[in-house]
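Okay, so here's the structure we're looking at.
Counting starts at 1 for both ligands and their atoms, in listed order. Numbering starts at 1 and runs along the sequence shown.
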Amino acid sequence: MDFQNTREFAQQLDAQDELSHYRNEFIFPKVNGKQVIYFTGNSLGLQPKRTKAYVDEVMNDWANLAVEGHFYADKPWWDYQERFCQPLSEIVGAKPSEVSVMNTLTVNLHLLMVSFYKPTPKKYKIICEEKAFPSDQYMFQSQVHFHGLNPEDTIVEIKRREGEHNIRLEDVLAKIDEVGDELALVLIGGVNYYTGQVFDIKTITEAGHKYGAYVGWDLAHAAGNIELKLNEWKVDFAAWCSYKYMNSGPGNASGYFVHESHHNDLDLPRFAGWWGHNKERRFLMEPNFDPARNAEGWQISNLPILSLAPYLASVHMFAEVGMQKLIKKRNLITAYLEYILHEIDKEVDSTFEIITPANQEERACQLSVFLHGEGRSLFDYLMKNGVITDWREPNVIRLAPVPLYTSFEDMYEFGQVLKTGIQSLH
Ligand SMILES: *Cc1c(COP(=O)(O)O)cnc(C)c1O
């Protein structure tokens, strides 16, 4: 499509956008009395208006039913989490039996590593990406220590080539071949949080399996953002937070996936609790653990229903919209934002560089922009003028035009603020 950097053109794209009405489903903060341009849905999604009713429902059930709410609420609490299986399975390309919700993301990855990281003297190495999200790095180090191993010899990072911002698929595959039979686990962020690069989950998962390793994915920036087919790709396990693209509220619960091929494997070590016990017999209070033969077999505690309520509101919205429409708009609006950035770059003598892959197959809903010149002062200018973005050291702002609630006119408007900002700082 031939884009134009005008308000009229942006408005025309909004008029043709079949998801445009979802914008009204969200609550936008205001700066200087004006609704902000929100680019940080990859960090904390906006609050959907419908969420409050889901939370109120639980509060009312608690008030009116107290303990009886476990079984007699409209959405009984004892199996509240089952309401996620169908809609979540559609979002991540799984069978409903392969997904559930509990805890928060890093906690779930730790728990899944209990099952899927079982080092032996000959097979103990972990492959991850260079500069993984810090929480993942700490997790790897502590897991490796827990097993009495040395992180330096155990954790193998895939590096970027000199002068490049993104990791090449061929280098991931070469590293897997190099580690070979010593490889116990591959665990990578499906979408890199810093650059927005999307990894080829299918190919990398296959490559890890060739050496008998387990392959898991941190899908924090992928769930609700990219097309996933976790079942078909034979991913062993995955987890994601719900407060980024899934709009469930600060610090909220994590979704997770365990491939069906592992559901009946009772030899896999796991940390058990009563919520992972065979559902039919959970309240018989039997002494021996009999895990549910699905993803719920990895549950431990009864669930924080007040946290799950906003997440349920969110997955219901995603079920209405469907990932396909979301991805279609995502590609168009991200391309429009990219165009706007290049146009502004030409109009003013600026020196910024988009470090996210230009290839649509290797990116999703985020453009990371390296500010060579203006740096932090330009970021501050944007924030003061109603453009909410975030700053990542040393010199990067991340822009995520979330398809559910950003508009094409936002992109145009952002370009104007950016231009004025750069000119005023020169
Ligand atoms: C946001 C993010 C996390 C956050 O983990 P929490 O346990 O929810 O605090 C972890 N990993 C990645 C890749 C992330 O982007």
Q: For the residue pair W391 and F379, categorise the inter-ring angle as parallel (less than 30°), tilted (30 to 60°) or perpendicular (more than 60°).
A: tilted
Q: For atom 2 (C) of ligand 1, state which one of K244, H221, H110 supplies the nearest heavy atom.
A: K244
Q | K75 charged N/C atom sitting above Y54 aromatic ring, 6.0 Å / 45° | A | yes
Q) Any idea which atoms of ligand 1 are less than 4.0 Å away from a heavy-atom of A220? A) 2 (C), 12 (C), 13 (C), 14 (C), 15 (O)
Q. Nearest protein heavy atom to atom 3 (C) of ligand 1, by residue and atom, and its distance?
A. F133 CE2, 3.3 Å
Q.
Please compare T106, V107, N108 and report which has the shortest non-hydrogen distance to atom 5 (O) of ligand 1.
A. T106
Q.
Give the atom numbers and elements of ligand 1 that come within less than 4.0 Å of a heavy atom of Y243.
A. 1 (C), 4 (C), 5 (O), 6 (P), 8 (O), 9 (O)
Q: Check whether any side-chain N or O of H259 sits under 3.5 Å from a backbone N or O of S261 as a donor-acceptor pair, and report yes or no.
A: yes
Q. Which class fits the ring pair H277 and F289: parallel under 30°, tilted 30 to 60°, perpendicular over 60°?
A. tilted
**Q.** Per-atom contacts of ligand 1 with D136, taking only distances under 4.0 Å to non-hydrogen atoms
**A.** 10 (C), 11 (N)
Q) For ligand 1, is there an N or O atom under 3.5 Å from any N or O atom of S135? A) no
Q | Proximity winner for atom 11 (N) of ligand 1, if only heavy atoms of I188, D218, L44, N192 are counted | A | D218
Q) Should the pair R398 and Y193 be classed as cation-pi, given the thresholds of under 6.0 Å to the six-membered ring centre and 45° from the axis? A) no
Q) Closest approach of K329 and F408, non-hydrogen atoms and distance? A) CE-CE1, 4.1 Å
